[in-house]
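Step one of this worksheet: look at the structure below.
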Number of protein chains: 2
Amino acid sequence: MRQKRTNDPEGMRRRVLDVAEESFQARGYHASSLGDLMAAAGVTGGALHHHFPTKKALALAVIEERVAAAVDQTWIAPVRAASSAREGVRAVFEAVAAELERQGFVRGCPLNNLAHELSLADPDFRIALAGIFAGWRLAIADKLRVDRQAGRDEGTDPERYATLAVAAYSGAMSMAKTAQDAGLLRDCLAGLEQGAPSSQSGLVERRRRRVLPRPRTL
Amino acid sequence: MRQKRTNDPEGMRRRVLDVAEESFQARGYHASSLGDLMAAAGVTGGALHHHFPTKKALALAVIEERVAAAVDQTWIAPVRAASSAREGVRAVFEAVAAELERQGFVRGCPLNNLAHELSLADPDFRIALAGIFAGWRLAIADKLRVDRQAGRDEGTDPERYATLAVAAYSGAMSMAKTAQDAGLLRDCLAGLEQGAPSSQSGLVERRRRRVLPRPRTL
DNA sequence: GACAAAACAGGACAACCGGTCTGTTTTACA
DNA sequence: TGTAAAACAGACCGGTTGTCCTGTTTTGTC
């Protein structure tokens, strides 16, 4: 009888963050109890407390490591890689809408979900979340500045467009989550592109309002 | 010694709803305990339970009576009374931004605040909240349909524009709440009007980024 | 291999939460 | 005025929450 236990600090920390990220999204911060998280992650109280002294510390880690990464992966990287800012925004809207329709239910935007619940609850939360929003907007605005240097989209103000794009996405996702209808994202994108200047906006296909098959009973 | 007590069912119910509405906005549903609400409203447990058997029933009443009314008063009525849909949307954005700057802090949109926390928590919550969103969009779309019948704004699709307007507002308010900066609402509005067709959009005044004086320490 | 620190186990606890229960007072109505 | 229902008071309870605390085991280092 040897080795009853194998210490794996990074792995255990990762497992806890995985479970916490998931639960905070699905149930929210206050509705997620540490007991549930411990059970779901297969972690004891001692281990959890060792890596995250308080629930707040855990949430802060989720925000700074997971939520920020999600925004990076979903939005910032695709926009940077796109041919233009507008095209990047369009592509992300459509990619997310398609993914949600495939999933069959809408869980909402990770950043906005936590932002609404925690922004007013604690200044540390608020600062961390506000920083992610700012980085998100900055990435879009920077991309648009590059476009303008190339002579494209000169009638568009970068900061304003970035704010509008982020706001439209956040709000559309909020509605889509409440209505459990990913089509609202497509409607919002269509409205966004409708007002686009100097775009050969041909017939954008009429929205197909599809009732999501799995309305997510919690 | 007569009349130790005066029964006032409506008044007591109203007081409870007042306190609950306020607390749900400021702290959220799960973070608001019935004990706090009772103390704040000066109501005993018996009275509270008599009017609202469960916490869920209380929240449902807040949503259906208070949040819906807030959307009506802030958005639907002003849009209906405006000279056009676009003008109505512009006026509401500016009115809210001005009010927030006067207040000195941003508490967020009542509907979105509760929608994020409660949409996935309970189907009854979700249905009630989704209905308010739908009514909000419908009011804007209907107004735009009237505009189009009068020959104005014929290049704009009513449903899509309504969805965009509501989403942009919701998202902008979300960011404004997180950043505690009402100016983001103005940025978003500027971006929205920038893309407006057939509008003699002259110089929209450059945004004055003002740091809000009272950052709200909770 | 000695030893200190990190990593983990698991119980204990005080505070709090939402709901229930019994009892009293007020009010509507016959 | 009698009476039943509505309105309210206030104590009570089982369950849960986040955190802390005391041990035990593993791991890195000399």
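Computation of the quantities below employed the complete heavy-atom set of this structure, encompassing side-chain atoms and omitting hydrogens, waters and symmetry-equivalent molecules. Letters A, B, ... are given to chains in the order of the sequence lines, protein chains preceding strands, and every chain is numbered from 1. Predicted model only: the values in this text are computed from it and were never measured.
Note: B:His116 and A:His116 meet the aromatic proximity criterion, with ring centroids under 6.0 Å apart.
Following rounding to the nearest Å, B:His50 (NE2) and C:dG23 (C1') show an atom-to-atom distance of 15 Å. The distance between atom NE2 of B:His30 and atom P of C:dC16, rounded to the nearest whole Å, is 19 Å. Summarising the geometry, the separation between NZ on A:Lys56 and C1' on D:dG18 is reported as 15 Å, rounded to the nearest angstrom. When rounded to the nearest whole Å, the span between CD of A:Glu10 and P of C:dC8 equals 9 Å. In this entry the distance linking CE of B:Met12 with C1' of D:dA9 reads 10 Å, nearest Å. The CG atom of B:Asp8 sits 7 Å away from the P atom of D:dC8 (whole-angstrom rounding). Protein atom CZ of A:Phe52 is 19 Å distant from nucleotide atom P of D:dT17, rounded to whole Å. B:Leu34 places its CG atom 15 Å from the C1' atom of D:dG10, with the value rounded to the nearest Å.
For B:Lys55 and B:Tyr29, the positive end sits near the middle of the six-membered ring, less than 6.0 Å away and at most 45° from its axis. For the pair B:Arg86 and B:Tyr161, the cation sits on the ring face: its NZ or CZ lies under 6.0 Å from the ring centre, inside 45° of the axis.
Taking the side chain of B:Arg5 as heavy atoms from C-beta on, and the options D:dT17, D:dA9, C:dC8, the nearest nucleotide is D:dA9. The side chain of B:His49 approaches C:dT20 more closely than any other nucleotide in the set C:dA7, D:dC8, C:dT20. Side-chain atoms of A:Ala47 lie closest to C:dC8 of the nucleotides C:dT26, C:dC8, C:dG18. Residue B:Ser33 places its side chain closer to C:dC17 than to any other of C:dG19, D:dG18, C:dC17. Of the candidates D:dT27, C:dG18, C:dT27, D:dT27 carries the atom nearest the A:Thr6 side chain, counting heavy atoms from C-beta on.
Toward the 5′ end of DNA chain D lies the nearest nucleotide of A:Asp36, the other residue of the pair A:Gly46 and A:Asp36 mapping further downstream. Nucleotides of DNA chain C nearest to B:Gly45 and A:Pro9 differ in position, and the one nearer the 5' end is that of A:Pro9.
In this pair, A:Trp75 and A:Trp136 present their aromatic rings tilted. The plane angle is within the 30 to 60° band.
The phosphate of C:dC8 (OP1 or OP2) has no side-chain N or O of A:Thr44 nearer than 4.0 angstrom.
With salt bridges taken as basic N to acidic carboxylate O contacts below 4.0 Å, one links B:Arg145 and B:Glu159.
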